[in-house]
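In what follows, every chain begins at residue 1, and chains take the letters A, B, ... in the order their sequences are listed.
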Amino acid sequence: MPELPEVETTRRGIAPTIVGETVRRVIVRNRHLRHPVSASLARQLPGKCINAVKRRGKYLLLETGDGTVIVHLGMSGSLRIVADTAPPGKHDHVDIEFNNGHCLRLHDPRRFGLLLWTCADPLRHPLLRDIGMEPLTDGFSGDLLYEKSRGRRVAVKQFIMNANILAGVGNIYANEALFAAGIHPLRPAGRISRQRYHRLAHSIRQVLTAAIEQGGTTLRDFVNGEGKPGYFRQHLHVYDKGGLPCLDCSTPIRHISQGQRSTYYCGRCQH
DNA sequence: AGAGGTACCTGGCAGC
DNA sequence: TGCTGCCAGGTACCTC
């Protein structure tokens with residue numbers, strides 16, 4: 001499911017309910033996620049207060065004074081706020097219950113997500129320390145993409161989906177941003193001009209920002225903190241639109257496979 | 001170092 | 001109504 005806009009939507013949805021609240025209990029029904037949910041989480045988190053909910057790339061960070069819960073939603077995960085009396089459903093693997101009667105519930109059918117506890121600086125955790133630029137911060141620019149791409153033969157779509165280059169851009173928004181910038185997804189990253197990278201950086205920002213405003217994209221699973229879907233799907237131009245006419249030029253959208261992921265593009269608008 | 005392939009897991013859907 | 005195979009929003013790890 002979740003790329004940056006869905007994770008950010010989740011962050012905004014859950015923060016008002018849990019920031020300033022104290023954890024009463026942690027229930028782990030299935031610890032077999034991408035990494036096993038550590039036993040120390042259920043032991044250490046109760047009694048601690050959530051000071052902030054932050055995001056780094058597609059990771060959520062629930063910060064307490066002396067430790068952080070690192071959450072990743074994988075392909076199919078979602079976090080939502082429910083009453084602590086709400087009966088768990090299938091794939092509701094972890095509950096974090098608060099003193100105010102609310103419960104933060106992790107649902108993840110495919111179990112590619114993770115949830116772990118660290119007492120150290122989460123940004124230096126091995127899973128987070130190599131993550132690249134945040135596309136919605138002031139420091140992000142086409143210049144950075146241009147410089148990082150020199151000498152790279154990898155296709156530009158795979159380049160911008162590389163989390164060590166750029167944080168949070170997954171398959172949907174890579175497709176959409178390349179369409180918006182008029183760049184062909186198969187073009188080698190190292191053979192794109194500085195000017196075109198400026199345009200791409202602008203498109204990435206715009207697409208991500210617009211998606212956040214719509215509460216993210218729901219293809220199947222994604223729900224926000226209140227259990228509601230995102231509405232950006234109706235604003236997609238190419239993703240999952242193979243064979244349909246391009247909204248700009250009516251040429252049928254092409255569907256190919258790139259690095260075992262689906263790529264959609266307009267062969268006329270993107271070059 | 002970069003690039004490509006595979007593995008992890010469940011569920012939905014198309015086709016037979 | 002099955003059954004089978006393929007596909008899905010991600011990422012780590014292994015090879016070459």
Heavy atoms only: give me the nearest A/V207-A/F232 pair and the separation to one decimal.
-> O-CZ, 4.1 Å

Rounded off to whole Å, could you give me the CD-to-P distance for the A/Q258 and C/dG9 pair?
-> 13 Å

In one Ile/Leu/Val/Met/Phe/Trp/Tyr side-chain cluster, 4.5 Å: A/V71, A/I81 | yes

Under 4.0 Å between any heavy atoms, over every strand shown, what does A/R152 touch: base, sugar-phosphate, or nothing? Just pick one.
-> sugar-phosphate

Under 6.0 Å from the CZ atom of A/R124, do we count more than 12 heavy atoms belonging to anything else shown?
-> no

Which atom names give the shortest non-hydrogen contact between A/A177 and A/S203, and what distance separates them?
-> O-CB, 3.5 Å

For residues A/G132 and A/A167, report the shortest heavy-atom separation together with the two atoms involved.
-> O-CB, 3.9 Å

Sugar-phosphate only, base, or nothing, as touched by A/Y239 at under 4.0 Å among non-hydrogen atoms = sugar-phosphate

Given DNA chain B, 5'-ward residue of the pair A/R220 and A/A155, judged by closest heavy atom | A/A155

For A/R153, which contact category applies under a 4.0 Å heavy-atom criterion: base, sugar-phosphate, or nothing?
-> sugar-phosphate

Just compare C/dA8, B/dG4, C/dG10 and give me whichever is closest to any side-chain atom of A/S262.
-> C/dA8

Is the closest basic N to carboxylate O distance between A/D92 and A/R29 below 4.0 Å?
-> no

Is the backbone N or O of A/F222 less than 3.5 Å from a side-chain atom of A/E6, with the two atoms forming a donor-acceptor pair by type?
-> no

Answer yes if A/L208 and A/I183 sit in the same cluster of Ile, Leu, Val, Met, Phe, Trp and Tyr residues linked by side chain heavy atoms under 4.5 Å apart, and no otherwise.
-> yes

Classify the nucleic acid contact of A/F159 as base, sugar-phosphate or nothing, counting any heavy atom under 4.0 Å across all strands shown.
-> nothing

Between C/dC6 and B/dT6, how far apart are the P atoms? Round to whole Å, please.
-> 14 Å

Atom CD1 of A/I172 and atom P of C/dG10: how far apart are they, to the nearest Å?
-> 7 Å

List, with names and distances, any nitrogen or oxygen atoms from the protein found under 3.5 Å away from nitrogen or oxygen atoms belonging to nucleotides 6-10 of chain B.
from	atom 1	to	atom 2	distance (Å)
B/dC9	O4'	A/R110	O	3.4
B/dC9	O3'	A/R111	NH2	2.6
B/dC9	O2	A/R110	NE	2.9
B/dC9	N3	A/R110	NH2	3.4
B/dT10	OP1	A/R111	NH2	2.6
B/dT10	O4'	A/P109	O	3.4
B/dT10	O3'	A/H91	NE2	3.2

Each stem that DNA chain B is part of, given as range with range (3 or more consecutive Watson-Crick or G-U pairs, under 3.5 Å) | B:2-8 with C:10-16, B:10-16 with C:2-8

Rounded to the Å, how far apart are A/L219 CG and C/dC7 C1'?
-> 12 Å

Can you tell me, in whole Å, how much space there is between the P of B/dG5 and that of C/dC7?
-> 15 Å

Can you tell me how far P of B/dA3 sits from CE of A/M161, to the nearest Å?
-> 15 Å

Pair A/R268 + A/D248, salt bridge at N-O below 4.0 Å | no

